[in-house]
Structure formats: C-alpha cells, structure tokens
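Residues: numbered from 1 along the sequence shown. Whatever order the structure lists them in is the order used to number ligands and atoms, beginning at 1. Only heavy atoms go into these numbers, but all of them, side chains included; no hydrogens, no water, no symmetry mates. Just so we're clear, the structure is a prediction, and the values are computed from it rather than from any experiment.
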Amino acid sequence: MSRPRVAVFASGGGTNFENLVRKQAQTGIDIALLISDYNEAYAIQRAINHDIDYIVVERSKYDGRADFESDILNVLKMYNIEYILLAGFMRILSADFVGRYPGKIINIHPSLLPDFKGADAIGDAFRAGVGETGVTVHFVDAGIDTGEIIAQVPVGVDPEDTLADLEDKIHSVEYQLYPQAVKLVLAKGEEDE
Ligand code: GAR
C-alpha cells in the first residue's frame with residue numbers, strides 16, 4: 001500500500017518537522033509538503049535541505065482567516081494531501097477547516113494536556129514550579145489545544161533543571177512520541193477500513 005501523503009504545518013524552527021521527515025519511511029508517511037504561515041520560519045530551510053516542497057501562506061497578507069484558509073485548502077487539494085501534522089504551527093484552524101479533514105489533523109503540544117495550553121507551555125509549566133509536565137499528541141478540533149488525545153508521555157522536572165534543560169527534555173520526548181503516535185493513528189485507520 002502506498003504511504004499517505006502528508007503536509008506538515010510549521011511556524012518556527014521546525015525541529016519536529018525535520019524529525020518527521022527523517023523518520024517518514026518508518027512512520028509510514030510520505031511528507032509531500034511543508035506549509036508555513038511565516039516566511040522567516042527556519043522550517044523552510046529544512047524543507048529546502050530535504051528537497052521537500054514548501055509553500056508560505058502569510059497570514060498577515062490576508063484580511064480574514066477564511067481567505068487564508070481557503071488558499072491553504074487549495075494547496076492541500078493540489079497536492080492530494082490526506083493527513084495534516086501540525087508541528088509548532090501557532091495558528092488556530094477554524095471549525096470549517098477542521099471539518100474538512102475529520103480525524104486527519106494531528107498536533108503535538110509540549111505539556112500534559114489539558115494542563116498548560118497555549119503558546120508557551122514549557123515556560124508556563126516551568127514558572128508554575130510543577131514536578132512533572134510532558135508531551136501530548138492529539139487530534140485537532142476548533143479549540144486551542146483541545147481535541148481527542150492520542151498519546152501522552154510525562155516528563156519530570158528536577159529541582160536543578162533550568163528552563164533550557166526542560167526544553168531539551170521535552171523536545172527529545174517529542175521526537176520519539178510524534179512519529180509513534182502518527183504510526184498508531186495510521187494503524188487504527190487501516191483496522192477501520
Ligand atoms: C514544539 O515544542 C511543539 O510542541 C510546540 O512548538 C514547538 C515547535 O518546535 N507546539 C506548541 O506549543 C503548539 N501549541 P519546532 O519548531 O522546533 O518543532
């Protein structure tokens with residue numbers, strides 16, 4: 001069976017994107033496209049390095065979210081994309097957009113959801129002084145870091161950890177968990193067919 005065609009959405013550095021690219025064969029996906037909403041995202045350079053097509057759809061160029069999303073949807077159709085993986089994509093997708101890819105949009109978030117939703121989950125957990133935080137992979141709905149949870153892994157915070165230490169620990173868990181969780185979703189999809 002051919003591997004499902006995937007688009008990764010990223011707004012920033014793109015280390016998760018690159019990790020997914022490196023592991024795409026073992027995960028069972030074909031990453032056909034990177035979409036970024038920010039033209040200076042380093043993720044774009046990573047796409048170039050790996051010879052993966054990329055498209056920048058800059059939110060600031062659009063008056064409203066509907067037109068922005070409609071351009072993204074057109075690109076996704078053009079590339080026959082079946083699954084969307086959000087990897088540090090810092091925008092909320094509308095219910096209309098999400099409804100067009102039911103069960104096919106996945107996000108990674110650096111906390112044990114529902115704790116520490118939002119854009120700075122690692123910093124928020126660190127400043128809150130928790131002894132444990134983690135990583136969550138979940139299906140995307142129209143809320144902010146809500147949606148059915150696929151997999152979660154806790155990460156302990158040691159008293160001597162700096163914020164940078166915690167970021168490193170979380171990212172190394174992300175690089176393991178995201179490909180594994182995607183593999184799980186694909187296996188489930190095949191079972192249901
Ligand atoms: C990752 O830690 C990801 O979990 C987080 O952004 C980072 C992106 O890093 N996502 C969110 O906070 C979503 N709410 P990367 O660009 O190096 O992959």
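Side-chain N/O atoms of Tyr79 and Asp53 include a donor and acceptor closer than 3.5 Å. When only modelled atom types and interatomic distance are considered, His50 and Glu18 share a side-chain donor-acceptor pair under 3.5 Å. No side-chain N or O of Thr15 forms a donor-acceptor pair with one of Tyr42 less than 3.5 Å apart.
His109 places a side-chain N or O within 3.5 Å of a backbone atom of Phe116 that can act as its donor or acceptor partner.
Residues satisfying the side-chain contact (heavy atoms from CB on, under 4.5 Å) test with Ile92, not counting sequence neighbours, are Arg65, Ile144.
In terms of protein heavy-atom proximity, atom 10 (N) of ligand 1 is nearest to Ile108 O, 3.6 Å. Nearest to atom 4 (O) of ligand 1 among the protein's heavy atoms is Glu174 OE2, 2.4 Å. Atom 9 (O) of ligand 1 has as its closest protein heavy atom Asn16 ND2, 4.0 Å. In terms of protein heavy-atom proximity, atom 13 (C) of ligand 1 is nearest to His109 ND1, 3.7 Å. Nearest non-hydrogen protein atom to atom 17 (O) of ligand 1 is Thr15 OG1, 2.5 Å. Looking at atom 8 (C) of ligand 1, its nearest protein heavy atom turns out to be Gly88 CA, 3.7 Å.
Listed by number with element, the atoms of ligand 1 under 4.0 Å from a non-hydrogen atom of Gly13 are 16 (O).
Using 4.0 Å as the threshold, Met90 has a heavy atom nearer than that to some atom of ligand 1. Residue contact annotation: Ser11 has no non-hydrogen atom under 4.0 Å from ligand 1. Using a non-hydrogen distance threshold of 4.0 Å, His171 registers as a contact of ligand 1.
Considering each of Gly12, Gly14, Ala10, the one bringing a non-hydrogen atom nearest atom 16 (O) of ligand 1 is Gly14. The closest non-hydrogen atom to atom 5 (C) of ligand 1, taken over Gly118, Pro110, Ala87, comes from Pro110.
Within a 6.0 Å radius of OH in Tyr54, other residues, nucleotides and ligands contribute 12 heavy atoms or fewer. With a 6.0 Å radius and a threshold of 12 heavy atoms from other residues, nucleotides or ligands, Asp63 has its CG atom at or below the threshold. Other residues, nucleotides and ligands contribute at most 12 non-hydrogen atoms within 6.0 Å of the CG atom of Asp51.
Classification of Arg59 and Asp37 as a salt-bridged pair fails, no side-chain N sitting under 4.0 Å from a carboxylate O.
When heavy-atom distances to ligand 1 are checked against a 4.0 Å cut-off, Asp145 comes that close only through its side chain, counted from C-beta outward.
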